[in-house]
Protein chains: 2
Amino acid sequence: MADINQMNKTSPRAQKSLYLRKQDLRRGIELMFFAYRDFTGEADDILSRLGLGRAHHRVIYFVGRQPNMTVSDLLSILKITKQSLSRVLSHLVAEGYIHQEQGARDKRQRLLSLTDKGLVLEEKLTDVQCKRFASAFSACGGDAVAGFQDVLANLINEDERADLRKRYPDLFE
Amino acid sequence: MADINQMNKTSPRAQKSLYLRKQDLRRGIELMFFAYRDFTGEADDILSRLGLGRAHHRVIYFVGRQPNMTVSDLLSILKITKQSLSRVLSHLVAEGYIHQEQGARDKRQRLLSLTDKGLVLEEKLTDVQCKRFASAFSACGGDAVAGFQDVLANLINEDERADLRKRYPDLFE
DNA sequence: TATTATTGGTCAACATGGCTGACATAAATC
DNA sequence: GATTTATGTCAGCCATGTTGACCAATAATA
(Lines give C-alpha, C1' and ligand atoms only; values in the text may rest on other atoms or scores of the structure.)
Protein backbone atom coordinates (compact mmCIF):
# COMPACT_ATOMS: atom_id res chain seq x y z
CA MET A 1 0.00 0.00 0.00
CA ALA A 2 2.73 2.38 -1.06
CA ASP A 3 0.37 4.98 -2.39
CA ILE A 4 -3.30 4.32 -2.48
CA ASN A 5 -4.10 7.72 -3.93
CA GLN A 6 -1.90 6.92 -6.88
CA MET A 7 -3.54 3.54 -7.21
CA ASN A 8 -6.95 5.12 -7.31
CA LYS A 9 -5.93 7.40 -10.10
CA THR A 10 -4.15 4.87 -12.25
CA SER A 11 -6.24 1.77 -11.79
CA PRO A 12 -9.94 2.37 -12.48
CA ARG A 13 -10.82 -1.18 -11.63
CA ALA A 14 -9.49 -0.74 -8.09
CA GLN A 15 -11.47 2.50 -7.71
CA LYS A 16 -13.39 2.62 -4.46
CA SER A 17 -16.52 4.61 -3.70
CA LEU A 18 -15.73 8.27 -3.94
CA TYR A 19 -15.88 8.68 -0.18
CA LEU A 20 -13.76 5.65 0.74
CA ARG A 21 -10.56 6.67 -0.98
CA LYS A 22 -7.59 7.03 1.32
CA GLN A 23 -7.61 10.77 0.78
CA ASP A 24 -11.21 11.01 1.95
CA LEU A 25 -10.51 8.97 5.05
CA ARG A 26 -7.50 11.14 5.81
CA ARG A 27 -9.66 14.19 5.35
CA GLY A 28 -11.93 12.78 8.02
CA ILE A 29 -9.01 12.43 10.41
CA GLU A 30 -7.84 15.95 9.75
CA LEU A 31 -11.23 17.61 9.94
CA MET A 32 -11.88 15.87 13.24
CA PHE A 33 -8.63 17.20 14.64
CA PHE A 34 -9.13 20.80 13.57
CA ALA A 35 -12.85 20.93 14.30
CA TYR A 36 -12.48 19.42 17.75
CA ARG A 37 -9.73 21.83 18.64
CA ASP A 38 -11.78 24.88 17.74
CA PHE A 39 -14.98 23.40 19.13
CA THR A 40 -13.38 23.22 22.58
CA GLY A 41 -11.27 26.35 22.29
CA GLU A 42 -13.74 29.03 23.31
CA ALA A 43 -15.02 27.10 26.30
CA ASP A 44 -11.44 26.41 27.38
CA ASP A 45 -10.78 30.14 27.41
CA ILE A 46 -13.77 30.87 29.63
CA LEU A 47 -12.82 28.03 31.95
CA SER A 48 -9.19 29.01 32.29
CA ARG A 49 -10.19 32.46 33.49
CA LEU A 50 -12.05 30.70 36.32
CA GLY A 51 -9.16 28.40 37.14
CA LEU A 52 -10.99 25.45 35.62
CA GLY A 53 -10.13 23.09 32.80
CA ARG A 54 -11.77 20.90 30.24
CA ALA A 55 -12.21 18.09 32.74
CA HIS A 56 -14.32 20.37 34.92
CA HIS A 57 -16.35 21.31 31.89
CA ARG A 58 -17.22 17.69 31.14
CA VAL A 59 -18.45 17.16 34.67
CA ILE A 60 -20.51 20.34 34.64
CA TYR A 61 -21.94 19.51 31.25
CA PHE A 62 -23.06 15.98 32.02
CA VAL A 63 -24.35 16.77 35.49
CA GLY A 64 -26.29 19.62 33.96
CA ARG A 65 -27.70 17.35 31.34
CA GLN A 66 -28.82 14.74 33.85
CA PRO A 67 -29.31 16.17 37.35
CA ASN A 68 -29.13 13.85 40.34
CA MET A 69 -26.83 11.45 38.56
CA THR A 70 -24.42 9.44 40.66
CA VAL A 71 -20.64 9.39 40.63
CA SER A 72 -20.81 5.95 39.04
CA ASP A 73 -22.95 7.27 36.23
CA LEU A 74 -20.46 10.00 35.59
CA LEU A 75 -17.54 7.59 35.65
CA SER A 76 -19.10 5.35 33.05
CA ILE A 77 -19.79 8.30 30.77
CA LEU A 78 -16.42 9.97 31.09
CA LYS A 79 -14.47 6.71 31.18
CA ILE A 80 -11.78 8.03 33.49
CA THR A 81 -10.69 6.69 36.88
CA LYS A 82 -12.50 7.65 40.03
CA GLN A 83 -9.30 9.23 41.32
CA SER A 84 -9.14 11.53 38.33
CA LEU A 85 -12.81 12.36 38.65
CA SER A 86 -12.53 12.83 42.39
CA ARG A 87 -9.93 15.54 42.03
CA VAL A 88 -12.08 17.52 39.63
CA LEU A 89 -15.39 16.86 41.35
CA SER A 90 -14.12 17.79 44.81
CA HIS A 91 -12.87 21.04 43.40
CA LEU A 92 -16.23 21.83 41.80
CA VAL A 93 -18.05 21.06 45.05
CA ALA A 94 -15.60 23.16 47.06
CA GLU A 95 -16.04 26.06 44.66
CA GLY A 96 -19.80 25.80 44.82
CA TYR A 97 -20.56 24.74 41.27
CA ILE A 98 -21.89 21.34 42.21
CA HIS A 99 -24.21 20.23 44.97
CA GLN A 100 -24.28 16.69 46.24
CA GLU A 101 -26.79 14.97 48.44
CA GLN A 102 -27.21 11.53 49.82
CA GLY A 103 -29.19 9.10 47.71
CA ALA A 104 -32.57 8.08 49.12
CA ARG A 105 -32.68 4.57 47.72
CA ASP A 106 -28.99 3.89 48.29
CA LYS A 107 -27.48 6.07 50.96
CA ARG A 108 -23.95 5.49 49.71
CA GLN A 109 -24.66 7.32 46.51
CA ARG A 110 -23.95 10.99 46.08
CA LEU A 111 -26.54 12.50 43.81
CA LEU A 112 -24.92 15.29 41.85
CA SER A 113 -26.60 18.42 40.61
CA LEU A 114 -25.60 21.93 39.59
CA THR A 115 -25.93 24.79 42.03
CA ASP A 116 -27.22 28.11 40.73
CA LYS A 117 -23.62 29.14 40.21
CA GLY A 118 -22.96 25.90 38.36
CA LEU A 119 -26.03 26.37 36.22
CA VAL A 120 -24.94 29.85 35.19
CA LEU A 121 -21.55 28.54 34.12
CA GLU A 122 -23.03 25.54 32.35
CA GLU A 123 -25.32 27.78 30.36
CA LYS A 124 -22.49 30.08 29.43
CA LEU A 125 -20.28 27.23 28.24
CA THR A 126 -23.02 25.35 26.46
CA ASP A 127 -24.09 28.58 24.86
CA VAL A 128 -20.79 29.29 23.14
CA GLN A 129 -20.58 25.74 21.87
CA CYS A 130 -24.20 25.73 20.75
CA LYS A 131 -23.68 28.98 18.90
CA ARG A 132 -20.81 27.41 17.00
CA PHE A 133 -22.98 24.46 16.07
CA ALA A 134 -25.92 26.66 15.17
CA SER A 135 -23.70 28.65 12.87
CA ALA A 136 -22.19 25.55 11.25
CA PHE A 137 -25.56 23.81 10.96
CA SER A 138 -27.15 26.88 9.40
CA ALA A 139 -24.36 27.14 6.87
CA CYS A 140 -24.75 23.51 5.84
CA GLY A 141 -28.44 22.72 6.02
CA GLY A 142 -30.49 19.92 7.49
CA ASP A 143 -29.31 17.09 5.25
CA ALA A 144 -25.70 17.82 6.11
CA VAL A 145 -26.58 17.90 9.81
CA ALA A 146 -28.22 14.50 9.54
CA GLY A 147 -25.14 13.13 7.80
CA PHE A 148 -22.87 14.69 10.38
CA GLN A 149 -24.81 13.06 13.20
CA ASP A 150 -24.94 9.75 11.41
CA VAL A 151 -21.21 9.56 10.75
CA LEU A 152 -20.26 10.66 14.26
CA ALA A 153 -22.59 8.08 15.76
CA ASN A 154 -20.92 5.42 13.67
CA LEU A 155 -17.45 6.52 14.75
CA ILE A 156 -18.36 5.59 18.33
CA ASN A 157 -17.39 2.10 19.45
CA GLU A 158 -20.27 -0.30 18.91
CA ASP A 159 -20.62 -1.44 22.52
CA GLU A 160 -20.37 2.12 23.75
CA ARG A 161 -23.02 3.14 21.25
CA ALA A 162 -25.36 0.53 22.67
CA ASP A 163 -24.74 1.79 26.20
CA LEU A 164 -25.36 5.37 25.16
CA ARG A 165 -28.55 4.40 23.38
CA LYS A 166 -29.89 3.11 26.68
CA ARG A 167 -28.68 6.02 28.73
CA TYR A 168 -29.63 8.77 26.33
CA PRO A 169 -32.36 7.45 24.02
CA ASP A 170 -32.53 10.75 22.16
CA LEU A 171 -28.82 10.92 21.35
CA PHE A 172 -29.25 8.94 18.15
CA GLU A 173 -32.47 10.62 16.93
CA MET B 1 -33.75 30.78 28.60
CA ALA B 2 -34.84 28.47 31.36
CA ASP B 3 -35.71 25.65 29.04
CA ILE B 4 -35.56 26.07 25.33
CA ASN B 5 -36.73 22.54 24.66
CA GLN B 6 -39.86 23.25 26.58
CA MET B 7 -40.27 26.49 24.70
CA ASN B 8 -40.01 24.68 21.40
CA LYS B 9 -42.73 22.29 22.39
CA THR B 10 -45.15 24.81 23.83
CA SER B 11 -44.68 27.73 21.53
CA PRO B 12 -45.04 26.77 17.88
CA ARG B 13 -44.35 30.26 16.72
CA ALA B 14 -40.89 30.16 18.33
CA GLN B 15 -40.12 26.83 16.64
CA LYS B 16 -36.73 26.81 14.95
CA SER B 17 -35.56 24.66 12.07
CA LEU B 18 -35.59 21.05 13.09
CA TYR B 19 -31.82 20.94 13.32
CA LEU B 20 -31.33 24.18 15.25
CA ARG B 21 -33.27 23.27 18.35
CA LYS B 22 -31.28 23.33 21.55
CA GLN B 23 -31.52 19.56 21.78
CA ASP B 24 -29.98 19.15 18.34
CA LEU B 25 -27.13 21.49 19.15
CA ARG B 26 -26.52 19.61 22.39
CA ARG B 27 -26.54 16.39 20.45
CA GLY B 28 -23.76 17.84 18.34
CA ILE B 29 -21.72 18.60 21.44
CA GLU B 30 -22.22 15.14 22.83
CA LEU B 31 -21.55 13.27 19.62
CA MET B 32 -18.35 15.20 19.15
CA PHE B 33 -17.21 14.24 22.63
CA PHE B 34 -17.94 10.54 22.32
CA ALA B 35 -16.82 10.19 18.72
CA TYR B 36 -13.56 12.01 19.29
CA ARG B 37 -12.78 9.89 22.30
CA ASP B 38 -13.24 6.63 20.43
CA PHE B 39 -11.64 7.98 17.26
CA THR B 40 -8.40 8.56 19.17
CA GLY B 41 -8.67 5.58 21.51
CA GLU B 42 -7.20 2.83 19.38
CA ALA B 43 -4.25 4.92 18.24
CA ASP B 44 -3.61 5.96 21.83
CA ASP B 45 -3.36 2.30 22.80
CA ILE B 46 -0.80 1.54 20.12
CA LEU B 47 1.19 4.62 21.05
CA SER B 48 1.21 3.97 24.77
CA ARG B 49 2.77 0.56 24.19
CA LEU B 50 5.62 2.40 22.48
CA GLY B 51 5.96 4.96 25.23
CA LEU B 52 4.44 7.63 23.02
CA GLY B 53 1.36 9.80 23.39
CA ARG B 54 -1.15 11.65 21.31
CA ALA B 55 1.16 14.62 20.91
CA HIS B 56 3.72 12.36 19.23
CA HIS B 57 0.99 11.03 16.99
CA ARG B 58 0.09 14.48 15.75
CA VAL B 59 3.68 15.22 14.84
CA ILE B 60 4.10 11.91 13.05
CA TYR B 61 0.83 12.35 11.23
CA PHE B 62 1.44 15.83 9.89
CA VAL B 63 5.09 15.24 9.04
CA GLY B 64 3.99 12.13 7.19
CA ARG B 65 1.40 14.08 5.33
CA GLN B 66 3.80 16.80 4.27
CA PRO B 67 7.44 15.65 4.26
CA ASN B 68 10.22 18.22 4.56
CA MET B 69 8.01 20.61 6.46
CA THR B 70 9.69 22.99 8.90
CA VAL B 71 9.24 23.31 12.63
CA SER B 72 7.40 26.57 12.03
CA ASP B 73 4.95 24.86 9.71
CA LEU B 74 4.26 22.27 12.35
CA LEU B 75 3.79 24.89 15.05
CA SER B 76 1.24 26.78 13.04
CA ILE B 77 -0.71 23.60 12.38
CA LEU B 78 -0.64 22.21 15.89
CA LYS B 79 -1.00 25.60 17.58
CA ILE B 80 1.10 24.68 20.60
CA THR B 81 4.22 26.38 21.90
CA LYS B 82 7.61 25.56 20.46
CA GLN B 83 8.69 24.38 23.89
CA SER B 84 5.90 21.82 23.96
CA LEU B 85 6.66 20.74 20.43
CA SER B 86 10.38 20.64 21.10
CA ARG B 87 9.98 18.09 23.87
CA VAL B 88 7.95 15.76 21.69
CA LEU B 89 9.95 16.31 18.53
CA SER B 90 13.32 15.76 20.22
CA HIS B 91 12.00 12.50 21.58
CA LEU B 92 10.85 11.34 18.17
CA VAL B 93 14.20 12.24 16.62
CA ALA B 94 16.09 10.48 19.42
CA GLU B 95 13.96 7.38 18.99
CA GLY B 96 14.53 7.38 15.26
CA TYR B 97 11.00 8.09 14.07
CA ILE B 98 11.82 11.44 12.53
CA HIS B 99 14.73 12.60 10.43
CA GLN B 100 15.73 16.21 10.20
CA GLU B 101 18.07 17.93 7.81
CA GLN B 102 19.24 21.44 7.32
CA GLY B 103 17.19 23.55 4.97
CA ALA B 104 18.89 24.50 1.70
CA ARG B 105 17.22 27.86 1.23
CA ASP B 106 17.35 28.81 4.93
CA LYS B 107 20.02 26.92 6.83
CA ARG B 108 18.35 27.54 10.20
CA GLN B 109 15.35 25.51 9.23
CA ARG B 110 15.12 21.87 10.14
CA LEU B 111 13.26 20.04 7.43
CA LEU B 112 11.35 17.20 9.01
CA SER B 113 10.53 13.86 7.47
CA LEU B 114 9.68 10.38 8.65
CA THR B 115 12.35 7.70 8.81
CA ASP B 116 11.43 4.20 7.67
CA LYS B 117 10.60 3.39 11.28
CA GLY B 118 8.45 6.50 11.47
CA LEU B 119 6.70 5.64 8.26
CA VAL B 120 5.81 2.18 9.51
CA LEU B 121 4.29 3.64 12.66
CA GLU B 122 2.48 6.36 10.76
CA GLU B 123 0.91 3.80 8.48
CA LYS B 124 -0.15 1.64 11.38
CA LEU B 125 -1.77 4.55 13.22
CA THR B 126 -3.39 6.05 10.17
CA ASP B 127 -4.62 2.63 9.22
CA VAL B 128 -6.63 2.03 12.39
CA GLN B 129 -8.16 5.46 12.17
CA CYS B 130 -8.90 5.11 8.47
CA LYS B 131 -10.54 1.77 9.09
CA ARG B 132 -12.85 3.37 11.61
CA PHE B 133 -13.77 6.06 9.12
CA ALA B 134 -14.18 3.57 6.30
CA SER B 135 -16.56 1.58 8.45
CA ALA B 136 -18.55 4.63 9.53
CA PHE B 137 -18.62 6.09 6.04
CA SER B 138 -19.78 2.78 4.56
CA ALA B 139 -22.55 2.52 7.10
CA CYS B 140 -23.82 6.01 6.31
CA GLY B 141 -23.32 6.54 2.60
CA GLY B 142 -21.86 9.28 0.48
CA ASP B 143 -24.40 12.00 1.19
CA ALA B 144 -23.86 11.62 4.91
CA VAL B 145 -20.10 11.79 4.41
CA ALA B 146 -20.46 15.02 2.47
CA GLY B 147 -22.61 16.46 5.24
CA PHE B 148 -20.15 15.31 7.86
CA GLN B 149 -17.28 17.03 6.08
CA ASP B 150 -19.30 20.16 5.50
CA VAL B 151 -20.34 20.55 9.12
CA LEU B 152 -16.86 19.83 10.49
CA ALA B 153 -15.34 22.35 8.10
CA ASN B 154 -17.79 24.94 9.35
CA LEU B 155 -16.99 24.20 12.99
CA ILE B 156 -13.42 25.35 12.36
CA ASN B 157 -12.66 29.00 13.13
CA GLU B 158 -13.09 31.11 10.04
CA ASP B 159 -9.58 32.52 9.95
CA GLU B 160 -8.09 29.12 10.60
CA ARG B 161 -10.23 27.69 7.83
CA ALA B 162 -8.78 30.23 5.43
CA ASP B 163 -5.24 29.31 6.49
CA LEU B 164 -5.95 25.64 6.06
CA ARG B 165 -7.43 26.19 2.66
CA LYS B 166 -4.13 27.68 1.54
CA ARG B 167 -2.00 25.05 3.19
CA TYR B 168 -4.08 22.01 2.23
CA PRO B 169 -6.18 22.94 -0.80
CA ASP B 170 -7.76 19.50 -0.90
CA LEU B 171 -8.95 19.54 2.72
CA PHE B 172 -12.22 21.23 1.81
CA GLU B 173 -12.87 19.29 -1.42
C1' DT C 1 28.54 47.03 6.88
C1' DA C 2 25.87 47.30 10.89
C1' DT C 3 21.56 46.49 12.74
C1' DT C 4 17.38 44.16 13.25
C1' DA C 5 14.21 40.31 12.51
C1' DT C 6 13.50 35.53 11.98
C1' DT C 7 14.15 30.66 13.00
C1' DG C 8 15.13 27.66 16.16
C1' DG C 9 17.08 25.54 20.62
C1' DT C 10 17.38 25.26 25.56
C1' DC C 11 16.66 25.54 30.57
C1' DA C 12 13.68 26.02 34.48
C1' DA C 13 9.40 25.97 36.57
C1' DC C 14 4.59 25.20 36.81
C1' DA C 15 -0.44 23.38 35.94
C1' DT C 16 -3.76 20.12 34.27
C1' DG C 17 -5.48 15.90 34.06
C1' DG C 18 -4.76 11.34 32.96
C1' DC C 19 -2.85 6.90 35.41
C1' DT C 20 -1.77 3.02 39.25
C1' DG C 21 -1.79 1.04 43.83
C1' DA C 22 -3.26 0.72 48.40
C1' DC C 23 -6.44 1.26 51.83
C1' DA C 24 -10.90 2.91 54.45
C1' DT C 25 -15.83 3.13 55.21
C1' DA C 26 -20.57 2.73 54.90
C1' DA C 27 -24.42 0.49 52.99
C1' DA C 28 -26.61 -3.05 50.43
C1' DT C 29 -27.16 -7.74 49.41
C1' DC C 30 -26.55 -12.70 49.59
C1' DG D 1 -22.15 -12.74 59.04
C1' DA D 2 -19.69 -12.38 54.81
C1' DT D 3 -19.36 -10.30 50.55
C1' DT D 4 -20.06 -6.89 47.17
C1' DT D 5 -20.87 -2.16 45.91
C1' DA D 6 -20.33 2.94 45.98
C1' DT D 7 -17.36 6.12 47.22
C1' DG D 8 -13.36 8.58 49.27
C1' DT D 9 -8.57 9.40 50.03
C1' DC D 10 -3.54 9.48 49.95
C1' DA D 11 0.70 9.12 47.48
C1' DG D 12 3.14 9.17 43.48
C1' DC D 13 4.01 8.95 38.34
C1' DC D 14 3.57 10.54 33.51
C1' DA D 15 2.23 13.26 29.35
C1' DT D 16 1.54 17.48 27.64
C1' DG D 17 0.23 21.91 27.83
C1' DT D 18 1.89 26.73 29.71
C1' DT D 19 5.29 31.05 30.67
C1' DG D 20 9.64 33.41 30.94
C1' DA D 21 14.34 34.00 30.00
C1' DC D 22 18.06 33.62 27.26
C1' DC D 23 21.18 32.17 23.30
C1' DA D 24 22.89 31.32 18.50
C1' DA D 25 22.74 31.25 13.64
C1' DT D 26 21.06 33.17 9.66
C1' DA D 27 18.52 36.32 6.75
C1' DA D 28 16.91 40.69 5.50
C1' DT D 29 17.42 45.46 5.47
C1' DA D 30 18.68 50.37 6.51
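Note on naming: letters A, B, ... go to the chains in the order of the sequence lines (proteins, then strands), and numbering restarts at 1 for each one.
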Could you state the atom-to-atom distance from [atom1] of [X] to [atom2] of [N] in whole Å?
{"X": "B:Glu101", "N": "C:dG8", "atom1": "CD", "atom2": "C1'", "value": "17 Å"}
{"X": "B:Leu47", "N": "C:dC19", "atom1": "CG", "atom2": "P", "value": "16 Å"}
{"X": "A:Arg37", "N": "D:dG17", "atom1": "CZ", "atom2": "C1'", "value": "14 Å"}
{"X": "B:Ile80", "N": "D:dA15", "atom1": "CD1", "atom2": "C1'", "value": "12 Å"}
{"X": "A:Arg49", "N": "D:dT18", "atom1": "CZ", "atom2": "P", "value": "16 Å"}
{"X": "B:Leu74", "N": "D:dT16", "atom1": "CG", "atom2": "C1'", "value": "15 Å"}
{"X": "B:Leu75", "N": "C:dT7", "atom1": "CG", "atom2": "P", "value": "11 Å"}
{"X": "A:Leu50", "N": "C:dT16", "atom1": "CG", "atom2": "P", "value": "12 Å"}

Among [options], which is the nearest nucleotide to the side chain of [X]?
{"X": "A:Thr81", "options": "C:dG8, D:dG20, C:dC19", "answer": "C:dC19"}
{"X": "A:Gln83", "options": "C:dG17, D:dA11, D:dG17", "answer": "D:dA11"}
{"X": "B:Val71", "options": "C:dG17, C:dG8, D:dT16", "answer": "C:dG8"}
{"X": "A:Ser90", "options": "D:dT9, C:dT10, C:dT7", "answer": "D:dT9"}
{"X": "A:Asp106", "options": "C:dA27, C:dT20, D:dT7", "answer": "C:dA27"}
{"X": "B:His56", "options": "D:dT7, C:dT10, D:dT16", "answer": "D:dT16"}

Notebook entry, point to check: Hey, is A:Asp170 close enough to B:Arg27 for a salt bridge, meaning N to O under 4.0 Å?
Noted result: no
Note to self: Need one value for A:His91: base, sugar-phosphate or nothing, where a base atom within 4.0 Å counts as base even if backbone is also close, heavy atoms only.
What the structure shows: nothing
Next item on the list: With heavy atoms under 4.0 Å as the rule, sort A:Lys107 into base, sugar-phosphate or nothing.
Entry: sugar-phosphate
Check: When the nearest nucleotide of DNA chain C is assigned to A:Arg87 and to B:Ser72 on a heavy-atom basis, which residue is associated with the more 5' position?
Finding: B:Ser72
Note to self: Aromatic contact between B:Phe148 and A:Tyr19, with the criterion being ring centroids under 6.0 Å apart: yes or no?
What the structure shows: no
Notebook entry, point to check: Does the side chain of B:Leu152 reach to within under 4.5 Å of the side chain of B:Met32, using non-hydrogen atoms?
Noted result: yes
Next item on the list: Verify the contact: side-chain N or O of B:Arg58 to OP1 or OP2 of D:dG17, cut-off strictly under 4.0 Å; return yes or no.
Entry: yes
Next item on the list: Apply the test ring pair (Phe, Tyr, Trp, His ring centres under 6.0 Å) to residues B:Tyr168 and A:Phe34: give CA-CA distance (whole Å), side-chain angles for both, the deciding distance (0.1 Å), then the verdict.
Entry: CA-CA 12 Å; B:Tyr168 299 133; A:Phe34 293 116; 7.0 Å; no
Next item on the list: Measure from NZ or CZ of A:Arg165 to the centre of the six-membered ring of A:Phe172 and say whether it is under 6.0 Å with the direction within 45° of the ring axis.
Entry: yes
